[in-house]
Amino acid sequence: MHPFAFSRVSTVTAALNAGARYGRYIAGGTTLVDLMRETVERPAHVVDINGLPYKDITVTRQGLHVGSLVRMSELAAHPEVRATYPLLSQALELGASAQLRNMASIGGNIMQRPRCPYFRDVHSACNRRDPGSGCDARHGDNRMQAILGTSTHCVATHPSDLAVALVALDAVIQVRGLDGTRSIPVQDFFLRPGDTLQDEHSLRPGEPITSLTVPAGAHTRRSGYLKVRDRQSYEFALASAAVALDIRGGVVRGARVAVGGVATVPWRLPKVEEALVGKRPGRRTWTDAAALAAEGAVPLSENAFKVRLVERTVRRQLMTIGGQ
Amino acid sequence: MLVDDRRVNACLTLAVMHQGARVATIEGLARGEQLHPLQQAFIDHDGLQCGYCTPGQLMSGVACIAEGHTGSREEIREWMSGNLCRCGAYTNIVSAIEQTAKEA
C-alpha cells in the first residue's frame, strides 16, 4: 500500500470541501482498501464520510428511501424491505459475505470498480486502470467477462448485484454537489466503456451520493433475484436475473427484468419486458420472452456459454416469480 | 474480528476509522484459561488442522451464532461462507457452530 493522508469529516460542507480538494471518499472501504493494497488505487488523501447523516431507511407509500451510508446487511434485513422489496434483500444477501455486507455501504456498493483480474493486476494492460495501455482481458482469460455492452477498450462485467436490482426497479440516485443536489436515474448513472474509460459513472468529482429512492409499484412484492455462479456462495455471478412482475386478473400487467454478470453495466432488458406485458403467465410466455435476453451479445473466445446461460437464467427466474 | 459486535474483515479495516469503537479479536475470546464454548467445540469436533483460518472462523462463528443464522447446517454454511479453510475442515466447523448454538 502506498502512503496516504487521512481525514474525517462530520458535516456535508466539510465533505464537499475535502472532496473538491482530494476527491476520494471512503465509507465501508471494502473496494477502496482492497484496491489500495493491490496498489491499483493510489489516492493521496482519503476522506472518511461515515460521520455524515445518510443512514436512514424509510418505507412510505411512495417508495423506499435509503441513505447512502446504510450498510448492505442493514438494508437486506429491514423487515419492510424484505416484505415489499424482496428483490433488493435477495440481491444483497447473495453478494459478498456476512462480514463484507456489514462493512459495505449502499453508496459504495454501486461505486464498485471492475473485478476483472487484469484490472486488479498492475502488471497487465488495462484501459480502465491505465487508459491507452490496452486490454489484456479481451484475448486473455475472458471466461468471466461480459458479452453485452462491451467495447474494444474494455470487456469487464459490472460486479454489483444490488445495481442490477436497482436498474430493474427504476431507482433514482440523489447526489450532492457544491451547487446543490441533483437526481440521476440509475440507468443513466452507470456508463458503458466508451472512449473516456475513466468515467464509469455520471458523478462529478467530489460529488457524494446521499441516498437512493426506489419508487413503489404493484410489481415490487412479486420480485426476486437469481444468481448463477461457479460456487454456490461467495462468488460473483456468471449470470444473474432481477425480475419483478405485476400479474393481475391472469395477465402480466407490468414486467421489470435486468441481468448481471454478463454486461459492462447493469443491463435492463426492455424487449424481454415488452414480450411479457399483456401475456398470460406460463411456461410459453416465459420461454418466448427469455429467448430475447442475450440480444446483441458479442461473445469472446471463452464466454459464448453465457448467451444460453443468461437466457435460461431469465427463464428460470420468470418461472420462479411468475409461476409455471 | 468484531467491531461494536458486528463481524467485519480485519484485512479491509483501517484502524483509524474505528477510534472509540469496541474491537474484539481472537485474543479476547477466552476468559483467562477458560475457553469460549465455541473454542472448546472446535477442539471437540476437530474443527481445525493447520489453524491459519481458525481465528477468523471463531470470530465469525461467534457472530453467526449471535445473529441467529444457525437454524440448519445449510444456513450455517451460507452465513459462514467467505471464511475459507484450505485444509477443508468445513464439515467439522459447521458441527462445532451447530453444537455451540444449541447449547447457547
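Keep in mind the model is a prediction, meaning the values are calculated, not measured. Proteins come first, then strands; the chains are lettered A, B, ... in the order of their sequence lines, and each starts at number 1.
- Atom CZ of B:Arg73 has more than 12 heavy atoms from other residues, nucleotides or ligands within 6.0 Å.
- Surrounding CZ of B:Arg77 are at most 12 heavy atoms belonging to other residues, nucleotides or ligands under 6.0 Å away.
- Heavy atoms closer than 4.5 Å to chain B are found nowhere in A:Thr31, neither backbone nor side chain.
- Looking at A:Glu93, both its backbone and its side chain come within 4.5 Å of chain B, counting heavy atoms on both sides.
- The most heavy-atom pairs under 4.5 Å with chain A, out of B:Leu14, B:Asn83, B:Leu12, come from B:Leu12.
- Of the residues considered (A:Gln232, A:Arg231, A:Arg101), A:Arg101 shows the highest number of contacts with chain B, using heavy-atom pairs under 4.5 Å.
- Note on ring orientation: taking the six-membered ring where Trp is involved, the planes of A:Phe190 and A:His158 are perpendicular (angle over 60°, cut-offs 30° and 60°).
- Both the backbone and the side chain of A:Asp34 come within contact range of chain B, with heavy atoms under 4.5 Å apart.
- No part of B:Cys64 comes within reach of chain A, as not one of its non-hydrogen atoms sits under 4.5 angstrom from that chain.
- Contacts between A:Asn102 and chain B at a heavy-atom distance below 4.5 Å involve backbone atoms as well as side-chain atoms.
- There is no contact between A:Ala104 and chain B, counting heavy-atom distances below 4.5 Å.
- Taking 4.0 Å as the cut-off between side-chain N and carboxylate O, A:Glu74 and A:Lys55 do not count as a salt-bridged pair.
- Residues A:Met1 and A:Arg37 share a closest heavy-atom pair of CE-CG, 3.3 Å.
- No side-chain N or O of B:Glu74 forms a donor-acceptor pair with one of B:Ser72 less than 3.5 Å apart.
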